[in-house]
Amino acid sequence: MKPSTEIETQLRQLIAYELSLKESSVLLQSRLIEDLGADHFDIPDLVEAIERVFKITIQNNEVEKLKTVSEIVEFIVSTKKTELFTLQV
């Protein structure tokens with residue numbers, strides 16, 4: 001399985017758990033607020049869980065840009081690649 005596919009699977013499971021949803025309802029194109037029903041109380045908890053599980057940091061200005069599951073996957077993959085590159089240099 002490709003790393004992005006593993007990240008997608010883990011993220012979908014995490015979002016479903018945090019928002020008390022069925023995993024099957026969490027799709028790549030799902031918008032956190034409009035489609036999955038997340039509110040302003042859910043977002044900080046979700047960000048904290050993502051940071052803990054994927055061992056990354058998401059800055060406040062970045063959180064505002066992450067609207068869909070797909071955007072979060074891309075952000076995690078990008079962050080992981082940057083960390084890996086930094087470790088190799």
Side-chain angles (χ1 to χ4, degrees):
M1 202 181 314
K2 292 181 358 185
S4 60
T5 305
E6 291 174 22
I7 289 171
E8 176 190 335
T9 300
Q10 282 185 292
L11 181 63
R12 288 178 63 229
Q13 291 170 345
L14 178 65
I15 291 171
Y17 175 79
E18 290 292 323
L19 299 179
S20 302
L21 301 169
K22 291 183 179 180
E23 186 181 336
S24 61
S25 66
V26 181
L27 307 174
L28 273 178
Q29 68 270 19
S30 297
R31 297 169 296 176
L32 295 176
I33 295 170
E34 295 87 346
D35 300 326
L36 301 178
D39 61 27
H40 65 280
F41 295 113
D42 296 319
I43 300 299
D45 293 337
L46 189 55
V47 169
E48 184 179 316
I50 292 168
E51 290 177 326
R52 185 181 64 251
V53 169
F54 294 100
K55 297 176 178 55
I56 61 171
T57 300
I58 306 173
Q59 301 300 324
N60 287 342
N61 63 328
E62 294 166 329
V63 171
E64 297 168 8
K65 299 175 191 173
L66 302 174
K67 306 284 186 203
T68 66
V69 175
S70 177
E71 290 171 348
I72 299 170
V73 170
E74 290 172 22
F75 177 82
I76 294 168
V77 169
S78 170
T79 301
K80 291 286 195 185
K81 284 182 181 176
T82 301
E83 288 176 0
L84 187 61
F85 177 75
T86 304
L87 291 174
Q88 292 176 354
V89 173

Are [X] and [Y] connected, step by step, through hydrophobic side chains (Ile, Leu, Val, Met, Phe, Trp, Tyr) whose heavy atoms are closer than 4.5 Å?
{"X": "Ile72", "Y": "Leu28", "result": "yes"}
{"X": "Val73", "Y": "Tyr17", "result": "no"}
{"X": "Val53", "Y": "Val77", "result": "yes"}

Once rounded to the nearest 0.5 Å, what's the spacing between atom [atom1] of [X] and atom [atom2] of [Y]?
{"X": "Leu14", "Y": "Ile7", "atom1": "CG", "atom2": "CD1", "value": "12.5 Å"}
{"X": "Thr79", "Y": "Lys55", "atom1": "OG1", "atom2": "NZ", "value": "14.5 Å"}
{"X": "Glu18", "Y": "Gln13", "atom1": "CD", "atom2": "CD", "value": "12.5 Å"}
{"X": "Leu27", "Y": "Ile15", "atom1": "CG", "atom2": "CD1", "value": "10.5 Å"}

(request) Please check if atom CD in Glu48 has more than 12 non-hydrogen atoms from other residues, nucleotides or ligands closer than 6.0 Å. (result) no

Side-chain donor or acceptor of [X] paired with backbone N/O of [Y] under 3.5 Å:
{"X": "Lys67", "Y": "Glu34", "result": "no"}
{"X": "Glu23", "Y": "Arg12", "result": "no"}
{"X": "Asp42", "Y": "Asp39", "result": "yes"}

How close do [X] and [Y] get, counting heavy atoms only, and between which atoms?
{"X": "Thr57", "Y": "Glu62", "value": "O-OE1, 4.2 Å"}
{"X": "Ile56", "Y": "Phe75", "value": "CD1-CE2, 3.9 Å"}
{"X": "Ile58", "Y": "Glu51", "value": "N-OE2, 2.8 Å"}
{"X": "Leu21", "Y": "Leu36", "value": "CD1-O, 3.8 Å"}
{"X": "Val26", "Y": "Val69", "value": "CG1-CG2, 3.9 Å"}
{"X": "Lys65", "Y": "Glu71", "value": "O-OE1, 3.2 Å"}

(request) Walk me through it: do Leu66 and Val47 pass the test side-chain contact (heavy atoms from CB on, under 4.5 Å)? (result) CA-CA 10 Å; Leu66 302 174; Val47 169; over 6 Å; no

